[in-house]
Undergrad: 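My questions will all concern the structure given below.
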Amino acid sequence: MKTPLLPALAILLLIMATGCDPYAIGYGQDPGPEEIDLPSNPIERAAVQGLKTSYRESTMWQIQKARVIRTTPVAPTAAVVEDHDPKELYCVCVEYEARYKVPWTTTEASPWERTVRNLLVMRTQADALIAVKPMNICAAFCE
């Protein structure tokens, strides 16, 4: 049985042309944010994971290159004790890069900007670590 040469050649040329097209392989496109590695320290890990989760909930922001600058134990306020009954509280200063990204505009993303924020990490009575909003215990910016 003979296979027609022309259709096989046309398919081969189509595959080769698509493979050589720089836009078919992502050339010139934004690579997106770098993956954030979680720290080994459990308190720092909770802070960075909380930061990742909060930004993941917003489809218009991206973050990358998160690193913890310092961790400071703090005393809870009466309101925090009443509402959450934490075992320990920590203000964790995190530096990262953030940008605004909206894919349906002419300029898809803003440039990456360095951002420094304080996050409150709470150790619960069950020894779970949870990152929460600073709740006026930590200053918003820690530099």
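The first residue in the sequence is number 1, and the count goes up from there. These numbers come from the heavy atoms of this one structure, side chains and all, not from hydrogens, waters or symmetry mates.
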Undergrad: Working to the nearest 0.5 angstrom, can you tell me the gap between Leu120 CG and Leu89 CG?
TA: 5.0 Å
Undergrad: For a quick test of reading the model, state the closest non-hydrogen atom pair linking Thr71 to Val68 and the distance between them.
TA: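 In terms of heavy atoms, the two residues are closest at OG1-CG1, 3.9 Å.
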Undergrad: Looking at Asn136, I want to see if its CG is surrounded by more than 12 non-hydrogen atoms of other residues, nucleotides or ligands under 6.0 Å.
TA: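 Not buried by this count: 12 neighbours or fewer within 6.0 Å.
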Undergrad: Please check if the side chain of Gln64 supplies one atom and the backbone of Glu34 the other of a donor-acceptor pair under 3.5 Å.
TA: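 Answer holds: yes.
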Undergrad: Hey, any chance Trp61 and Val48 share a hydrophobic cluster, counting ILVMFWY side chains that come within less than 4.5 Å of each other, even indirectly?
TA: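 In one cluster with Trp61: Val48, yes.
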Undergrad: Would you name the heavy atoms of Leu119 and Cys138 that are closest together and state the gap between them?
TA: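 Heavy atoms of Leu119 and Cys138 come nearest at O-SG, 4.3 Å.
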Undergrad: More than 12 non-hydrogen atoms from neighbouring residues, nucleotides or ligands closer than 6.0 Å to NZ on Lys87, yes or no?
TA: yes
Undergrad: Any chance you could measure Thr115, atom OG1, to Ile63, atom CD1, to the nearest 0.5 Å?
TA: 9.5 Å
Undergrad: Where the side chain of Arg99 meets the backbone of Pro111, is there a donor-acceptor pair that is under 3.5 Å apart?
TA: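 No; zero donor-acceptor contacts below 3.5 Å.
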Undergrad: Could you walk me through whether Glu44 and Val121 pass side-chain contact (heavy atoms from CB on, under 4.5 Å), step by step?
TA: CA-CA 8 Å; Glu44 294 175 2; Val121 174; over 6 Å; no
Undergrad: Are the side chain of Gln125 and the backbone N or O of Asp85 linked by a donor-acceptor pair below 3.5 Å?
TA: yes
Undergrad: About how many Å separate CZ of Arg45 and CG of Leu129, when rounded to the nearest 0.5 Å?
TA: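 These two atoms lie 9.5 Å from each other.
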Undergrad: From Glu113 CD over to Glu97 CD, what is the distance, rounded to the nearest 0.5 angstrom?
TA: 10.0 Å
Undergrad: What closest approach, in Å, do Ala47 and Ala131 show between heavy atoms, and which atom pair accounts for it?
TA: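 Looks like CA-CB, 4.2 Å.
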Undergrad: At what distance, to the nearest 0.5 angstrom, does OG1 of Thr124 lie from CD1 of Ile130?
TA: 5.5 Å
Undergrad: Show the nearest heavy-atom pair for residues Ala66 and Tyr96, with the distance to one decimal.
TA: CA-CB, 3.8 Å
Undergrad: Could you tell me if the side chain of Cys93 sits less than 4.5 Å from the side chain of Val116, heavy atoms only?
TA: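 A side-chain contact exists here, since the closest heavy-atom pair is under 4.5 Å.
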Undergrad: Do Val132 and Val92 share a hydrophobic cluster, counting only Ile, Leu, Val, Met, Phe, Trp and Tyr and linking them when any side-chain heavy atoms are less than 4.5 Å apart?
TA: no
Undergrad: Can Ile36 be reached from Val94 by stepping across I, L, V, M, F, W or Y side chains whose heavy atoms are under 4.5 Å apart?
TA: yes
Undergrad: Check the pair Tyr100, Met60 against side-chain contact (heavy atoms from CB on, under 4.5 Å), reporting the backbone distance first and the verdict last.
TA: CA-CA 6 Å; Tyr100 189 66; Met60 293 196 225; 3.3 Å; yes
Undergrad: Of all the heavy-atom pairs spanning Ser54 and Leu51, show the shortest one and how long it is.
TA: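 Ser54 and Leu51 have their closest heavy atoms at OG-O, 2.9 Å.
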Undergrad: Strictly distance-based, threshold 3.5 Å: is any side-chain N or O of Arg67 a donor or acceptor partner for the main-chain N or O of Glu95?
TA: no
Undergrad: Distance from Thr77 atom OG1 to Met135 atom CE, nearest 0.5 Å?
TA: 7.5 Å
Undergrad: If you take all heavy atoms of Val74 and Tyr90, which pair is closest and at what distance?
TA: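 Reported closest heavy-atom pair: CG2-N, 4.2 Å.
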Undergrad: Are the side chains of Lys52 and Leu38 in contact, using a 4.5 Å heavy-atom criterion?
TA: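 Touching, per the 4.5 Å side-chain cut-off.
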